[in-house]
Amino acid sequence: MIKAFANLMSSKATLLFLVLGLCSVSFAAPAASTVPAQKEPRKSTVHWMSYKDALEKAQKGPKLIFVDLYADWCVPCRIMDANVYSDPTVASLLNTRFYAVKLDADSQDTIMCDGQKNTVQRCYFDVWELHALPAFVLVAPKGMSILTVTDSMSPQELRYMLYQFLEKEKEWISR
């Protein structure tokens, strides 16, 4: 009887270990080869320059200046950096047909905007009359703003907007 009880307990223990083993396998993380690879955020390939450098270059080689205004706390700005400025066509357009500038809207650095010496923050609010981010300012080579846009965009939308700017480029370059 003791032997029968020991065999019964042994088979129950084996069964218990087998069930626990199967449960642990079913709840284990999938093998690395079955986990889809996470996409790394693409890096911006836009060659951003300072506002001062863009104005100086525009005097020598007239192009429109595309100013991207952002803030560190602006989530849509970060999304645009990750998804829009990494788009090869957007980056190529900005690198070849514009002088691309990135300005922190909260900055106290002094720049010339529309002929006035102000902080970036004062240009943002007082001169360009912007009140949301992300925001863009298109500036003529002589330093006068042409237009402002406040909106988050997809790569396709920004490409379309840049092509629209280029259609008016000859007219706007002389401003």
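Here the structure is a predicted model, which is why all the values come from computation and not from measurement.
- One distance of note links CH2 of Trp48 with CG of Asp53; it measures 14.5 Å at 0.5 Å rounding.
- Annotation: side chain of Lys170 is not in contact with side chain of Ile173 (no heavy-atom distance under 4.5 Å).
- For Gln59, there are no side chain to side chain contact (heavy atoms under 4.5 Å, CB included) partners at least two apart in sequence or on another chain.
- Taking hydrophobic clusters as Ile, Leu, Val, Met, Phe, Trp and Tyr residues chained together by side-chain heavy-atom distances below 4.5 Å, Leu133 shares a cluster with Leu130.
- Linking Ile, Leu, Val, Met, Phe, Trp and Tyr whenever their side-chain heavy atoms come within less than 4.5 Å leaves Leu93 and Val67 in two separate clusters.
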message = For a side chain to side chain contact (heavy atoms under 4.5 Å, CB included) check, start with the C-alpha distance between Tyr85 and Leu94, then their side-chain angles and the critical distance, and finish with the verdict.
response = CA-CA 9 Å; Tyr85 296 124; Leu94 288 172; 3.9 Å; yes
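- For the salt bridge (Lys or Arg N to Asp or Glu O under 4.0 Å) condition, the pairs that include at least one residue of residues 59-68, sequence neighbours left out, are Asp68-Lys102.
- In plain terms, the two heavy atoms of Pro134 and Ser152 that are nearest each other are CG-CA, 3.8 Å.
- Shown here for Ala54 and Tyr99, the closest heavy-atom pair between the two residues is CB-CB, 3.9 Å.
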**Item:** Criterion side chain to side chain contact (heavy atoms under 4.5 Å, CB included) on Arg97 and Leu162, from CA distance to verdict
**Value:** CA-CA 9 Å; Arg97 302 294 303 272; Leu162 294 173; over 6 Å; no
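- Using the six-membered ring where Trp is involved, Trp128 and Tyr51 have ring planes that are perpendicular, over 60° apart on the 30 and 60° scheme.
- Residues Ala140 and Ile65 come closest through the heavy atom pair O-CD1, 4.1 Å.
- Ring pair Phe125/His131 is tilted by interplanar angle, where 30° to 60° counts as tilted.
- The side-chain heavy atoms of Phe98 and Leu138, taken from C-beta on, include a pair separated by under 4.5 Å.
- In the hydrophobic cluster analysis, where Ile, Leu, Val, Met, Phe, Trp and Tyr join through side-chain heavy atoms closer than 4.5 angstrom, Met153 is grouped together with Phe66.
- Sorted pairs that involve residues 146-158 and meet salt bridge (Lys or Arg N to Asp or Glu O under 4.0 Å), not counting sequence neighbours, are lacking altogether.
- Across Asn118 and Cys123, no two heavy atoms sit closer than the pair CB-SG, 3.6 Å.
- Atom CZ of Arg159 is separated from atom OG of Ser92 by 11.0 Å, given to the nearest 0.5 angstrom.
- Ser154 OG to Tyr160 OH: the interatomic distance, rounded to the nearest 0.5 Å, is 12.5 Å.
- Atom-to-atom distance recorded for Leu64:CG and Leu147:CG is 9.0 Å, nearest 0.5 angstrom.
- Both Phe136 and Trp172 sit in one connected hydrophobic cluster of ILVMFWY residues. Membership requires side-chain heavy atoms under 4.5 Å apart, directly or through other members.
- Each salt bridge (Lys or Arg N to Asp or Glu O under 4.0 Å) pair with one or both residues in residues 122-135, not counting sequence neighbours, appears once here: Arg122-Asp126.
- For Arg78, the salt bridge (charged side-chain N to carboxylate O under 4.0 Å, His left out) criterion is met by no residue, not counting sequence neighbours.
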Show every donor-acceptor pair shorter than 3.5 Å between a side-chain atom in residues 106-113 and any protein atom, with sequence neighbours excluded, or say none if there are none.
| residue | atom | partner | partner atom | Å |
| --- | --- | --- | --- | --- |
| Asp106 | OD2 | Trp73 | NE1 | 2.7 |
| Ser107 | OG | Asp109 | N | 3.0 |
| Ser107 | OG | Asp109 | OD2 | 3.4 |
| Gln108 | NE2 | Gln121 | OE1 | 2.7 |

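- Using a 4.5 Å heavy-atom threshold, the side chains of Thr89 and Tyr163 count as touching.
- In this structure, Asp104 and Ala71 approach most closely via the heavy-atom pair OD1-CA, 3.9 Å.
- Side-chain contact check for Met49 versus Val101: some heavy-atom pair is nearer than 4.5 Å.
- Cluster membership check: Leu69 does not share its hydrophobic cluster with Met80, using side-chain heavy-atom separations under 4.5 Å among Ile, Leu, Val, Met, Phe, Trp and Tyr.
- Of all heavy-atom pairs spanning Val46 and Ala100, the tightest one is CG1-CB, 3.7 Å.
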